[in-house]
Colleague: 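Can you keep this structure in mind? I'll have questions shortly.
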Amino acid sequence: MTPAQFNTDEERWKAVGENNSSADGAFYYAVITTGIYCQPSCKSKLPNRDNVEYFTTCDAAEAAGYRACKRCRPTATSKVQEIKQKIIHACRIIEESDTTIKLDKLAGQVNLSPYHFHRLFKKIVGVTPKQYAGRHQSRRFQKNLKTSPSVTDAIYSAGYGSSGSAYDKKRDQLAMKPKVYRKGADGVTITYELARCFLGWVIVAATDRGVCAIEFGDNSDTLPKQVQARFPNAQLDKADIGFKTLIKEVVDFIESPEDTFEVPLDIQGTAFQQQVWEVLRQIKPGQTMSYSDVAERMGKPKAVRAVASACASNKLAVVIPCHRVVSKTGKTGGYRWGTERKQKLLESEQDRI
Ligand SMILES: [Zn+2]
């Protein structure tokens, strides 16, 4: 919360009068005549100002003899906020750590039992602590690849236990072979164009072999940078008029994915990723598969996590329909370009069949 705000009676009374939800958590107001305390956003009838008392915590209000309002449930909200803070804190610990932290140790650092911690983390962040740590390691690893003198150094400085496991992960998570990636697609020319679609901005980028990236974003300025970051040494050029047909084709396909897409693709990925992506391309619009379904289809039922990271490494949104892979429980699951976009895509495909 922001302790600098809502410190004066004046500010607090104003927040109560406006049902200002951004003041929730900063203070609570209690009504002397009813014996009940509320959050500033509570929709209950505005009390007489003379009968109002303020507290900064639920405990303090209760110690003064007030009961929590059943309507705005101040204690429930403060619990939720407290838990969110703990999970955010755990995320920071993971991000800042150079080594893998054991679950029980991490849970201990935020005062939660390992079981609760794991469940809450998954619920709030969307992935398990281990997956979260894996992503951060992998991101660090990619960064290090570009600055470290050798691949082995990169592996160790990213905090992987042994070079063996890092090589496995790296194979699953990097689109290109390490040496090519380290060169950042040096000598490759990539042409791109931007367009609007129902999911926001879309960038279509192509090498002379075919389309190499289709990505979504909220902002047309950042999208070319996003592609450049993937291929840092590639020469990135905005396309001329000839490219308009291609981008139209892509946008049409995003909007009606049941049509066939015959534009050549330059799919950069490991053999394993290519296998995963091949399975994904067989999932028809309106259908979904779970990560374990995909692993099984490939004849590698144990490779569920590797399948998930291959989906996350996809650079060709919609054309390789990684959005049609959902978690086993039927939840939407993660999406590189945002869960909201994934949800929208799945809904629009449902609507069309
Ligand atoms: Zn209330």
Side-chain angles (χ1 to χ4, degrees), residues 1-95 103 106-129 132 200 218 327 329-335 338-344 346-347:
M1 282 298 108
T2 45
Q5 282 183 309
F6 311 112
N7 283 336
T8 65
D9 270 21
E10 206 57 46
E11 280 179 326
R12 288 175 174 182
W13 178 246
K14 189 166 174 273
V16 171
E18 291 168 345
N19 298 141
N20 184 352
S21 60
S22 60
D24 287 355
F27 73 93
Y28 302 89
Y29 73 95
V31 184
I32 297 164
T33 44
T34 60
I36 286 170
Y37 72 96
C38 286
Q39 306 200 66
S41 70
C42 185
K43 297 279 190 297
S44 62
K45 196 169 155 275
L46 192 66
N48 189 324
R49 188 174 179 176
D50 295 337
N51 295 332
V52 170
E53 234 189 317
Y54 302 104
F55 297 93
T56 49
T57 64
C58 294
D59 285 347
E62 280 172 30
Y66 291 101
R67 281 174 296 115
C69 167
K70 289 216 168 71
R71 191 160 171 189
C72 63
R73 302 176 59 210
T75 46
T77 313
S78 77
K79 262 260 141 43
V80 168
Q81 272 161 357
E82 194 185 302
I83 284 166
K84 272 192 187 156
Q85 288 304 325
K86 283 184 176 186
I87 299 301
I88 291 168
H89 183 51
C91 289
R92 296 292 103 84
I93 296 173
I94 293 171
E95 288 158 18
L103 182 74
L106 200 53
Q109 288 196 10
V110 295
N111 291 319
L112 286 167
S113 76
Y115 169 75
H116 275 110
F117 173 68
H118 190 269
R119 198 174 54 88
L120 292 166
F121 193 99
K122 179 101 199 283
K123 196 173 157 207
I124 292 167
V125 184
V127 295
T128 65
Y132 190 79
D218 294 326
S327 82
T329 55
K331 288 224 178 84
T332 312
Y335 191 49
T339 314
E340 232 180 82
R341 283 200 178 89
K342 184 175 186 176
Q343 190 71 44
K344 265 193 188 166
L346 290 172
E347 276 166 13

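Just so it is clear, the model here is predicted, and its values are computed rather than measured. As the structure lists them, so they are numbered: ligands from 1, and atoms in each ligand from 1.
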Colleague: Is the closest side-chain heavy-atom distance between Thr8 and Tyr54 below 4.5 Å?
Modeller: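 Side chain of Thr8 against side chain of Tyr54, heavy atoms only: no contact under 4.5 Å found.
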
Colleague: Would you compute the distance between atom CD1 of Ile87 and atom CG of Leu112 and round it to the nearest 0.5 angstrom?
Modeller: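 One gets 6.0 Å once the value is rounded to the nearest 0.5 Å.
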
Colleague: Anything under 30° is parallel, anything over 60° is perpendicular, the rest tilted; go ahead and classify Phe27 against Phe6.
Modeller: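 Judged by the thresholds at 30° and 60°, the geometry between Phe27 and Phe6 is tilted.
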
Colleague: Decide if the gap between the ring center of Phe55 and the ring center of Tyr66 is smaller than 6.0 angstrom.
Modeller: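 Close enough - the centres of the two rings lie under 6.0 Å apart.
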
Colleague: Say whether Glu340 and Tyr335, considering side chains only, have a donor N or O and an acceptor N or O under 3.5 Å apart.
Modeller: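 Per modelled atom types, Glu340 and Tyr335 side chains form no pair under 3.5 Å.
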
Colleague: Is any side-chain heavy atom of Leu120 less than 4.5 Å from a side-chain heavy atom of Lys86?
Modeller: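 No, every pair of side-chain atoms sits at 4.5 Å or beyond.
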
Colleague: The Zn ion (ligand 1): which protein N, O or S atoms are under 2.8 Å away?
Modeller: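 Protein N, O or S atoms closer than 2.8 Å to the Zn ion (ligand 1): Cys38 SG, Cys42 SG, Cys69 SG, Cys72 SG.
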
